[in-house]
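Notes follow once the structure below has been shown.
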Amino acid sequence: MTISSILSSKGHDVFTISLPQTLLEVCSTLRKHRIGAIVIVDGKGKLAGILSERDIVRRIAEHGPDALQADASDCMTSNVTTCSPEDNIQTAMARMSEGRFRHIPVLEDDKLVGMISIGDLVKRRIADAEREAEDLKNYLYAS
Ligand code: AMP
């Protein structure tokens, strides 16, 4: 099973922002779209970073409420781990657990074509396991 099979049911929408943007504005975007991380793009629409709710919590813990006026560029992660639509689900999961993050943008020829969260991967793994169990049951009863 590949990442593209998840994207075909989930869709290819990627919510993005460009800089400058305060953390308070980022919070409002995360809330509006009900997401946990936002992708930051440069003037050409290319991936420039990722900022998750954890970055915001960490910043507030370190600097107090004034942190919300900081620019997103001060808190984002610039070295973003990505995957491609052809990668299989296990590969993406391994990258996320190695890097200890829950979001992975999907790139094709340097273009953003989707966003996968750990929730999307777990949901698919459970659906696959249920289907396999059902197939086995049908096989046993048919023989
Ligand atoms: P998350 O678990 O996604 O909330 O992110 C935890 C930390 O990893 C935060 O510092 C994020 O900026 C960072 N992060 C999230 N996704 C990625 C990614 N795909 N590549 C690199 N860092 C990431």
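Sequential numbering from 1 along the given sequence is applied to the chain's residues. We count ligands from 1, going down the list as the structure has it; atoms in each ligand are counted the same way.
Shortest contact from atom 13 (C) of ligand 1 to any protein heavy atom: T77 OG1, 3.6 Å. Closest to atom 15 (C) of ligand 1, if we only count protein heavy atoms, is F101 CB, 3.4 Å. The protein atom (non-hydrogen) at minimum distance from atom 9 (C) of ligand 1 is D55 OD1, 3.1 Å. The protein atom (non-hydrogen) at minimum distance from atom 5 (O) of ligand 1 is S52 OG, 3.3 Å. Protein heavy atom in closest approach to atom 3 (O) of ligand 1: H103 ND1, 2.6 Å.
For ligand 1, the atoms lying closer than 4.0 Å to a non-hydrogen atom of R58 are 10 (O). Listed by number with element, the atoms of ligand 1 under 4.0 angstrom from any heavy atom of R102 are 1 (P), 2 (O), 3 (O), 4 (O).
Look at D128 and R125 and you find no salt bridge, because none of the NZ, NE, NH1 or NH2 atoms lies under 4.0 Å from a carboxylate O. Between E53 and R102 a salt bridge is recorded (basic side-chain N to carboxylate O distance below 4.0 Å). Residues R131 and E134 are not paired through a salt bridge, judged by the lack of any N-O separation under 4.0 Å between the basic side chain and the carboxylate.
Residue contact annotation: N79 has a non-hydrogen atom under 4.0 Å from ligand 1. Not a single heavy atom of M96 lies less than 4.0 angstrom from ligand 1. Using a 4.0 Å heavy-atom cutoff, P105 is listed among the residues neighbouring ligand 1. Residue contacts with ligand 1 leave out E53, since none of its heavy atoms falls under 4.0 Å from the ligand.
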Check against side-chain contact (heavy atoms from CB on, under 4.5 Å), F101 and T81: CA-CA 9 Å; F101 45 72; T81 300; 3.5 Å; yes

Check against side-chain hydrogen bond (donor to acceptor under 3.5 Å, both in side chains), R124 and S5: CA-CA 10 Å; R124 173 55 63 101; S5 72; 3.0 Å; yes

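The side-chain contact (heavy atoms from CB on, under 4.5 Å) test with V26 is passed by exactly one of D71, I56, L68, I40: I56. When each of D110, L112, V41 is tested with K46 by the rule side-chain contact (heavy atoms from CB on, under 4.5 Å), just one qualifies, namely D110.
Remark: side-chain polar atoms of T29 are paired, donor with acceptor, to backbone N or O of E25 under 3.5 angstrom.
One finds the CG atom of D55 at 12.5 Å from the CD1 atom of I38 (value rounded to the nearest 0.5 Å).
If you look at T82 next to ligand 1, there are no close heavy atoms at all, none under 4.0 Å. Counting heavy atoms closer than 4.0 Å to ligand 1, residue T81 contributes atoms from both its backbone and its side chain.
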